[in-house]
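Report on the structure given below.
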Number of protein chains: 2
Amino acid sequence: MDLSAQLTAVASPQRMRIIAELAHEPLHVSELARRVGMSRALLYMHTKKLEEAGFISSELLLSDEGKAMRQLRVEDFHLIVNQETIRQAVETFQALDNEEGAS
Amino acid sequence: MDLSAQLTAVASPQRMRIIAELAHEPLHVSELARRVGMSRALLYMHTKKLEEAGFISSELLLSDEGKAMRQLRVEDFHLIVNQETIRQAVETFQALDNEEGAS
DNA sequence: CCCATGTGTAAGTTTATACTAACAGATGGA
DNA sequence: TCCATCTGTTAGTATAAACTTACACATGGG
């Protein structure tokens with residue numbers, strides 16, 4: 001997962017809101033949807049991006065009533081964005097472009 | 001300029017490429033367009049976003065031949081993205097939402 | 001005068017992202 | 001059985017971002 005994709009995933013205010021909410025405590029999908037005020041379908045798209053970028057993780061649990069629930073939690077992460085890290089990221093995806101073009 | 005807007009501005013691979021190029025040396029618009037391989041019109045949109053977010057700055061100069069040229073250069077910046085900075089950013093734009101709603 | 005270089009910008013198209021509505025299935029309790 | 005809760009997913013729409021094309025204008029040199 002390159003820096004650009006990670007930043008794209010985290011740049012959205014809605015997804016920041018999700019991270020902030022989960023940083024307070026892990027929650028299952030429906031409860032999170034209520035707290036941030038969005039549909040599960042939409043939340044699903046956002047959490048999918050966050051999970052692919054490594055910001056959150058999910059685990060299937062059984063609640064006390066025996067119902068399956070997906071619990072979401074925040075992963076530890078620490079991104080630094082400056083000239084140096086950007087230069088490195090650009091070198092990385094230029095290398096990837098060369099591989100594709102060389103076939 | 002909030003964190004979300006800054007991250008949105010810098011998350012694009014094309015804009016990262018522009019920053020990396022300008023980090024090497026300041027350039028005028030047409031020269032930068034040639035190096036990154038895009039039209040001036042498109043470059044204008046990208047540099048506008050980068051300038052609004054504070055990543056680059058521009059200055060109108062006169063070249064040796066007396067032609068007006070806009071020189072672009074990278075500003076110093078250092079963004080940190082973790083649970084703490086995201087939590088702060090979310091508080092900030094929730095406060096803004098309240099101001100709007102209170103009118 | 002015309003051409004090459006530089007500047008900015010408006011208008012339209014295309015593509016990606018965000019979002020809504022609707023479906024299908026499971027469990028436990030009244 | 002029916003209702004409330006939970007899960008996942010598809011298909012369509014609406015909005016935003018990215019990109020192209022084309023214009024207008026300035027300077028210096030052949």
Side-chain angles (χ1 to χ4, degrees), chain A residues 1-2 4-19 22 26-53 55-73 90 93 97, chain B residues 1-2 4-19 21-22 25-53 55-73 90 93 97:
Chain A
M1 175 64 71
D2 60 287
S4 168
Q6 286 186 301
L7 293 179
T8 300
V10 83
S12 150
Q14 292 91 332
R15 290 194 284 270
M16 283 191 173
R17 178 75 204 288
I18 289 170
I19 290 175
L22 292 178
L27 296 169
H28 67 268
V29 179
S30 293
E31 179 59 25
L32 177 59
R34 278 190 293 271
R35 298 206 190 180
V36 301
M38 65 174 74
S39 69
R40 281 183 312 110
L42 181 53
L43 191 68
Y44 192 82
M45 183 212 69
H46 285 306
T47 56
K48 186 163 175 282
K49 293 193 178 184
L50 287 173
E51 194 165 6
E52 285 172 351
F55 292 105
I56 68 174
S57 63
S58 66
E59 187 183 4
L60 212 56
L61 299 179
L62 286 180
S63 70
D64 300 337
E65 306 88 29
K67 290 179 183 174
M69 289 183 174
R70 181 167 296 276
Q71 189 186 55
L72 304 172
R73 64 171 59 247
V90 168
F93 57 68
D97 287 350
Chain B
M1 176 63 71
D2 61 286
S4 168
Q6 286 186 302
L7 292 179
T8 300
V10 84
S12 150
Q14 292 90 333
R15 290 195 284 271
M16 283 191 173
R17 177 76 204 287
I18 289 169
I19 290 175
E21 203 67 49
L22 292 178
E25 61 177 330
L27 296 169
H28 67 268
V29 179
S30 293
E31 178 60 24
L32 177 59
R34 278 190 293 269
R35 297 205 189 181
V36 300
M38 64 174 74
S39 68
R40 281 183 313 108
L42 181 54
L43 191 68
Y44 191 82
M45 183 212 70
H46 285 306
T47 57
K48 185 163 174 282
K49 293 192 177 184
L50 287 173
E51 193 164 9
E52 285 172 351
F55 293 105
I56 68 173
S57 63
S58 67
E59 187 184 5
L60 211 58
L61 299 178
L62 286 179
S63 69
D64 299 339
E65 304 88 29
K67 290 181 182 172
M69 291 184 171
R70 181 167 297 275
Q71 190 185 56
L72 304 172
R73 63 172 60 246
V90 169
F93 58 66
D97 287 350

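To find a chain, count down the sequence lines: A is the first, B the second, and so on, and within it residues start at 1.
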>> Measure CD/B/E59 against P/C/dT7 and give the value in whole Å, please.
In response: 14 Å

>> Without decimals, in angstroms, what is the distance between A/E31 CD and D/dT7 C1'?
In response: 15 Å

>> So, does B/R34 get its side chain near the phosphate of C/dG6, meaning an N or O under 4.0 Å from OP1 or OP2?
In response: yes

> How long is the line joining CD of B/E51 and P of C/dG8, in whole Å?
Replying inline: 10 Å

> Closest to the A/K67 side chain: C/dG28, C/dT20, D/dC19?
Replying inline: C/dG28

>> salt bridge (charged side-chain N to carboxylate O under 4.0 Å, His left out), that's the test. Do B/R34 and B/E21 meet it? Break it down for me.
In response: CA-CA 11 Å; B/R34 278 190 293 269; B/E21 203 67 49; over 6 Å; no

> Whole Å only: how far is the CD atom of B/Q14 from the C1' atom of C/dT15?
Replying inline: 12 Å

> Once you round it to whole Å, what is the distance between C1' of D/dA14 and CE of A/M45?
Replying inline: 14 Å

> For A/R40 and C/dT20, is the shortest distance between a side-chain N/O and OP1 or OP2 below 4.0 Å?
Replying inline: no

> Step by step, would you call A/L60 with A/M69 a side chain to side chain contact (heavy atoms under 4.5 Å, CB included)?
Replying inline: CA-CA 6 Å; A/L60 212 56; A/M69 289 183 174; over 6 Å; no

> Any side-chain N or O of B/K49 under 4.0 Å from OP1/OP2 of D/dA17?
Replying inline: no

> Which residue, A/L42 or A/A68, contacts DNA chain C at a nucleotide closer to its 5' end, judged by nearest heavy atom?
Replying inline: A/L42

> Atom CG of B/L61 to atom C1' of D/dT27: distance rounded to whole Å?
Replying inline: 16 Å

> Which whole-number value in Å describes the distance from B/L43 CG to D/dC19 C1'?
Replying inline: 12 Å

> Contact class for B/K48 vs. all strands (heavy atom < 4.0 Å): base, sugar-phosphate, or nothing?
Replying inline: nothing

>> Please confirm whether the shortest side-chain N or O distance from B/S12 to OP1 or OP2 of D/dA17 is below 4.0 Å.
In response: no

>> What's the closest nucleotide to the side chain of A/Y44 if the choices are D/dT9, C/dG8, D/dT20?
In response: D/dT9

> Whole Å only: how far is the CD1 atom of B/I18 from the C1' atom of D/dC19?
Replying inline: 13 Å

> Heavy-atom distance under 4.5 Å between the side chains of A/R73 and A/L22, does that happen here?
Replying inline: no

> Do B/R15 and B/M45 pass the side chain to side chain contact (heavy atoms under 4.5 Å, CB included) test, and can you show the C-alpha distance, the side-chain angles, and the key distance before you say yes or no?
Replying inline: CA-CA 10 Å; B/R15 290 195 284 271; B/M45 183 212 70; 4.2 Å; yes

> Does the side chain of B/E51 pick up a donor-acceptor pair with the side chain of B/S58 at under 3.5 Å?
Replying inline: yes

>> So if I take every side-chain heavy atom of A/A41 and compare against D/dG8, C/dA22, D/dA22, which nucleotide ends up nearest?
In response: C/dA22

>> Strictly below 4.0 Å: does A/H46 bring a side-chain N or O up to OP1 or OP2 of C/dA18?
In response: no

>> Within the 4.0 Å heavy-atom criterion, would you say A/R70 contacts the bases, only the backbone, or no part of the nucleic acid?
In response: sugar-phosphate

> Side chain of A/S30: nearest nucleotide among D/dC6, D/dA18, D/dT9?
Replying inline: D/dC6

>> Hydrogens and angles aside, do A/R70 and A/H28 bring a side-chain donor and acceptor to less than 3.5 Å of each other?
In response: no

>> Here's a test of your reading of the structure: between A/S39 and B/M69, which maps to the more 5' nucleotide of DNA chain C?
In response: B/M69

